[in-house]
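In the text below, chain A, chain B and the rest are named by the order of the sequence lines, each starting its count at 1.
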2 protein chains.
Amino acid sequence: MVRTSNARQDAVEAAVRLFRTQGYSATGLTQLLEESGAPKGSFYFHFPGGKEQLALEALQVFGSELRSRIQRRAAATATGDEPAFIRALFEATARELEASDYTAGCVASNLGGELSSGNRTIADAVNAAVQSWVEAIADGVANRFETRAAATTYAATIMASLSGMRTMARAQRSTAMFAAIADVLVSSLPSTPGNKSGSDTN
Amino acid sequence: MVRTSNARQDAVEAAVRLFRTQGYSATGLTQLLEESGAPKGSFYFHFPGGKEQLALEALQVFGSELRSRIQRRAAATATGDEPAFIRALFEATARELEASDYTAGCVASNLGGELSSGNRTIADAVNAAVQSWVEAIADGVANRFETRAAATTYAATIMASLSGMRTMARAQRSTAMFAAIADVLVSSLPSTPGNKSGSDTN
DNA sequence: ACCATATTATGGTGATTGCCATAGTGTACC
DNA sequence: GGTACACTATGGCAATCACCATAATATGGT
């Protein structure tokens, strides 16, 4: 194993950025290589699987970065502090959208929307990324639930809301709703294991 | 106003179908016209604005159809029956995904993901469609809230979760989580105006 | 110096992209 | 029968698409 050249990594990073803002099909290899500075001539040396392989790797990079960020916040969550954890997830997404002028989409969401109907490989990778986020969220709220399954269900609700909100906020160019929606979801967080607040009245 | 030819409508309907399953950029005009049976020669007669105009109209058709469906369910919701309304929304989405073998995406979500960064016109149309759905949902749960704003916030949470769940379920090829997630969201529905269940404990 | 391998340049493949100009056909109204 | 208009066929535009074959270069170890 020898070394050198960040062309490969540059290409993957550019793919993450472009797939987030404009999706898969709208991103041409030419634009991708131009923006990354990576040489065009070596693309199929680094990615013999072509554009699909690049998408898989971009998905994996984006997936594990986001998972780490969630895990970091989950680990920093003290017992009883779970509402702050949930609110922080929404807050972070809102901030990212604002900082990017509402261009920061989600690689998984975009690839899924364009490809998961016809490409099982991509669909599986999208699913794997999303599930890793759900599990990371579940870790952060597990103390509030009696069973892991219940925590995972709640985490999936958070994940779905975050994803949907990102889409809505991009179109709206506003993050005004994020805090209020975090509150709604916090309100369905059980206050203590086995005592699911709110659910008793319905 | 004279007459004839369903070519225009056929094209819009095909656009809805294809933009749902594979998004905007991956859908070529050729494929679109082939599948719709609409003649190629008359495309720019019917849509002088080109592909973007077609997207706008597809979005509008998809938007108002979905809005009607939500409104129908909202109107059929008796006071006190709001949890059933929420559950029905998730149930309907799950059924649609199953029936389509998980190809049934959302036009707004796909167009938004690919275009809302660079095309303000499309972004506005996406936002308008989504807001119309949020308002329709808010109508169905308004009785549970003291203010319209609170109902809208809750409705936006439902909308975001539905959107995110659709994306997740397509990749996962499973609707297993829908019912449980509906339950989580029902649990944050106030039991009576002004008494927001669950929120008092956090 | 030599070789093996890693990386890139060059140039092009055929196919497809969205778009459009021109001409022609169909039907309806007078 | 003639005019007006709705609609479609044809053919081709330049540009881009993903992809690849071949050859050149760079860089490491020996």
Rounding to an integer number of Å, can you tell me how far E114(B) CD sits from dG18(C) P? 12 Å
Would you call K40(A) and E34(A) a salt bridge, taking side-chain N to carboxylate O under 4.0 Å as the test? no
Side chains of S109(B) and R166(B): donor-acceptor distance under 3.5 Å anywhere? no
Hey, does the side chain of K51(A) reach the backbone of T27(A) with a donor-acceptor pair shorter than 3.5 angstrom? yes
Whole-Å gap separating P (dC20(D)) and CZ (F43(A)): 11 Å
Check the distance between dA6(C)'s P and F45(A)'s CZ and give it to me in whole angstrom. 6 Å
Within the structure shown, what part of the strands sits under 4.0 Å from T27(A) by heavy-atom distance: base, sugar-phosphate, or nothing? sugar-phosphate
Nearest-Å distance for atom pair CD/P, residues Q31(A) and dC17(D): 8 Å
Please list every donor-acceptor pair under 3.5 Å in which a side-chain atom of residues 10-20 of chain A meets a protein atom from a residue at least two apart or in another chain.
{"unit_1": "E13(A)", "atom_1": "OE2", "unit_2": "Q9(A)", "atom_2": "NE2", "d": "2.9"}
{"unit_1": "R17(A)", "atom_1": "NH1", "unit_2": "E35(A)", "atom_2": "OE1", "d": "3.2"}
{"unit_1": "R20(A)", "atom_1": "NE", "unit_2": "G105(A)", "atom_2": "O", "d": "2.7"}
{"unit_1": "R20(A)", "atom_1": "NH1", "unit_2": "E96(A)", "atom_2": "OE2", "d": "3.3"}
{"unit_1": "R20(A)", "atom_1": "NH2", "unit_2": "E96(A)", "atom_2": "OE1", "d": "3.2"}
{"unit_1": "R20(A)", "atom_1": "NH2", "unit_2": "E96(A)", "atom_2": "OE2", "d": "3.0"}
{"unit_1": "R20(A)", "atom_1": "NH2", "unit_2": "G105(A)", "atom_2": "O", "d": "3.0"}

CD of Q9(A) versus P of dT7(C): gap in Å, rounded? 13 Å
Just how far, in rounded Å, is C1' of dT7(C) from CG of D10(A)? 14 Å
Side-chain N or O of Y44(B) versus OP1/OP2 of dC19(C): is the shortest distance under 4.0 Å? yes
For atom CG of L33(B) and atom C1' of dA9(D), their distance in whole Å: 13 Å
So does S42(B) get a side-chain nitrogen or oxygen closer than 4.0 Å to the phosphate oxygens (OP1/OP2) of dT8(D)? yes
Regarding the side chain of K40(A), the nearest nucleotide among dA18(D), dC19(C), dG12(C) is dG12(C)
To the nearest angstrom, the CG-C1' distance between L18(A) and dA18(D) comes to 16 Å
Please output the side-chain donor-acceptor pairs of residues 155-163 of chain B that fall under 3.5 Å, not counting sequence neighbours, one pair per line with the distance.
{"unit_1": "T157(B)", "atom_1": "OG1", "unit_2": "T153(B)", "atom_2": "O", "d": "2.9"}
{"unit_1": "S161(B)", "atom_1": "OG", "unit_2": "S161(A)", "atom_2": "OG", "d": "2.7"}
{"unit_1": "S161(B)", "atom_1": "OG", "unit_2": "T157(B)", "atom_2": "O", "d": "2.9"}

With the side chain of T30(A) defined as its heavy atoms from C-beta on, choose the nearest nucleotide among dG12(C), dA9(D), dC17(D). dC17(D)
Picking from dT8(D), dT8(C), dG12(D), the nucleotide nearest the side-chain atoms of P39(B) would be dT8(D)
Mapping A26(A) and G41(A) to their closest nucleotides on DNA chain D, which lands nearer the 5' end? A26(A)
State which of dC19(D), dT7(C), dG11(D) makes the closest approach to the side chain of H46(A). dT7(C)
